[in-house]
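See structure below.
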Amino acid sequence: MSKTGKVYLVGAGPGDPGLVTLRAKECIENADAIIYDHLANPETLGWARDDAEITYVGKTPGESRSNQNEINALLIKKAHEGKQVVRLKGGDPFVFGRGAEEAQAIAEAGIPFEVVPGITSSIAGPAYAGIPVTHRAHNSHVTFFTGHENPAKTESAIDYAALAKLGGTQVMLMGVERLGSITSEMLKHGVRGDLPVALVRWATTGQQETLTGTLGDIAQKAVTNAFAAPAVAVFGEVVTLRDKLNWYEKRPLLGKRIVVTRTRKQASVLSSKLRSLGADIIELPTIRIGPPIDLREFAELVQDAHMYDWIVFTSANGVEAFFNIFFKLYDDAREIGGARIAAIGPATAQRVKDFHLHVDLQPKEFVAEDVVREFKKQGSIENLNILLVRAEKARDVLPKGLSGLGAIVDEAFAYRNLPETRDPIGARQQLAKRGADLITFTSSSTVENFLSLGLPWPKGMQVASIGPITSQTARDNGLKVEVEAKRHDIDGLVEAIGAFFARKAATNS
Ligand code: SAH
């Protein structure tokens, strides 16, 4: 390969995928190889190309030097292969993450590189706990220090006397497990015992927890509460502002772990809506969209689309597949001729509008039976030609219903729902290890494919379904459905889940 490689040292932000920069996302989307850490949210890997090489080099605390050397060597090797390499690190790459050392190694090897700063947990962690690191009434400087120094260093390089004198806000990364000796050094050097302290763990994720106390008692409290890493510690008066400013931990679904089973591409809308209510999401895609078995036949139907009176789209995927081919065949949207367009469900309609085409009929309900009813309202469709663009193996209700009204229906199989067999981010293991409160099913295939993975069912995991058909499939497979959306779309599902947990909380209190 003649192309020269490049390394992108990319900050993945503190955890919430919404806190990743646009540049970071772009780098992940373009990468040939991604090398990521323990603290880089693996969900961001969902943006990677299907053929990107993804390597986990997560290091547990106390990692050895050679391990870091191996990572440096790996970055250099991949770049020498001519690859665009993304080195994805939690938070900001140059804040206590050894990113600086990696940059040096890459520079020494003469490899071009770019640094993409990220939102660091040292500021975002406190912010998500309702603690501004500065406030003009309380401090005029902030110090960041590490509680976990290079083990090779003799004695502590942290000048506790200077820290004590400095005052202001102090933010410590790493080292919660050494909190006892760190706080006692601070006390010994004259910091007052009642200085407010907060520890924020897994900040900005659905697992965020905050523990507050004073310099005198925080270490003991951390032990009592088994408050483990990763955590950011904040020392300073600003911690008291949390009493009024705590916002994140008040969200209704905080602490609820919810599994999202849609395709990797479609998962994000559902995930981010649930996440914004505070839920902790495990994205475990069970479906992947593949081309139809007979792509040529589909292309021929697309080519003839202008000869139909109606084109009916039943899913956003169908719209996407249709126009993909359409615009390969034609360079003018007017080639669609006089065909009118029906789209089932708002997401489908939106996708049609994205292509700047008008939706003539948009049945309010998302169930095939209702679509037939809507068509009936249009007057007679007898002898009209209808092109139904849909997934292979979809239910027959719609074509039968429309033929029943006298229409001449051609089915265009636009795509196939395939089981997702890959799990590059280890979601299955996460589910097994951490369990979940709820699993969401957005179609019958998500139910069937999830079950055919044969994963052990986590204790107490309940089921939420998007509508009656999906629920029926779940029941047919022996599952009990606790939540069913009243409106059969993503917003309806999110609403039903919110109401479900609110009811549960009310009966438990
Ligand atoms: N470069 C990273 C820090 C790497 S050092 C950044 O800018 O955030 C690793 C330490 O960062 C952890 O020990 C912990 O102190 C902190 N950390 C990273 N992500 C965190 C999170 N989501 N919640 C709490 N602490 C976090």
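Residues take their numbers from the sequence shown, with the count starting at 1. One-based numbering, in listed order, for ligands and for the atoms of each.
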Review point. Distance-only, no hydrogens or angles: does the T440 side chain make a donor-acceptor pair with backbone N or O of A464 under 3.5 Å?
Key: no
Review point. Using a distance-only test with no angle check, is there a side-chain donor-acceptor pair under 3.5 angstrom linking Q68 and N72?
Key: yes
Review point. Among the heavy atoms of G90, does any lie under 4.0 Å from an atom of ligand 1?
Key: yes
Review point. Do any nitrogen or oxygen atoms of F96 lie less than 3.5 angstrom from nitrogen or oxygen atoms of ligand 1?
Key: no
Check your understanding: Where on A203 is there a heavy atom closer than 4.0 Å to ligand 1, on the side chain, on the backbone, on both, or on neither?
Key -> both
Check your understanding: Please state which protein non-hydrogen atom is closest to atom 13 (O) of ligand 1 and give its distance, to 0.1 Å?
Key -> M174 CG, 3.2 Å
Check your understanding: Is ligand 1 less than 4.0 angstrom away from at least one heavy atom of V200?
Key -> yes
Exercise for review: Measure the distance from atom 11 (O) of ligand 1 to every protein heavy atom, then report the residue, atom name and distance (to 0.1 Å) of the closest one.
Suggested key: L173 CD2, 3.6 Å
Exercise for review: Assess V232 for proximity to ligand 1: is some non-hydrogen atom of it under 4.0 Å away?
Suggested key: yes
Point to revise | Nearest-option assignment for atom 22 (N) of ligand 1, heavy atoms, candidates G15, P230, P14 | key: P14
Check your understanding: Which residue holds the protein heavy atom closest to atom 9 (C) of ligand 1, what is that atom called, and what is the gap in Å?
Key -> L39 CD1, 3.5 Å
Exercise for review: Give the atoms of ligand 1, by number and element, whose distance to some non-hydrogen atom of S121 is under 4.0 Å.
Suggested key: 6 (C), 7 (O), 8 (O), 11 (O), 16 (C), 17 (N), 18 (C), 19 (N), 20 (C), 26 (C)
Check your understanding: Side chains of T143 and Q170: do they bring a donor and an acceptor to under 3.5 Å?
Key -> no
**Study point:** Salt bridge R87-D37, side-chain N to carboxylate O under 4.0 Å
**Key:** yes
Check your understanding: N/O to N/O below 3.5 Å, does that happen between T205 and ligand 1?
Key -> no
Exercise for review: Using only heavy-atom distances, determine whether the side chains of T210 and E249 contain a donor-acceptor pair under 3.5 Å.
Suggested key: yes
Check your understanding: Would you call the rings of Y36 and Y56 parallel, tilted or perpendicular, where under 30° means parallel and over 60° means perpendicular?
Key -> tilted
**Study point:** Residue and atom name of the nearest protein heavy atom (relative to atom 14 (C) of ligand 1), distance in Å to one decimal
**Key:** A231 O, 3.4 Å
Check your understanding: Nearest heavy atom to atom 3 (C) of ligand 1: which of V95, V176, T120, V171 does it belong to?
Key -> V95
Review point. What is the ring orientation for Y128 with W247, classed by angle as parallel under 30°, tilted 30 to 60°, or perpendicular over 60°?
Key: perpendicular
**Study point:** E484 and S471: CA distance, side-chain angles, deciding distance, side chain to side chain donor-acceptor pair (under 3.5 Å) verdict
**Key:** CA-CA 7 Å; E484 185 181 285; S471 299; 2.6 Å; yes
Practice item. Answer yes when E29 and R49 have at least one side-chain N-carboxylate O distance shorter than 4.0 Å, and no when they do not. Key: no
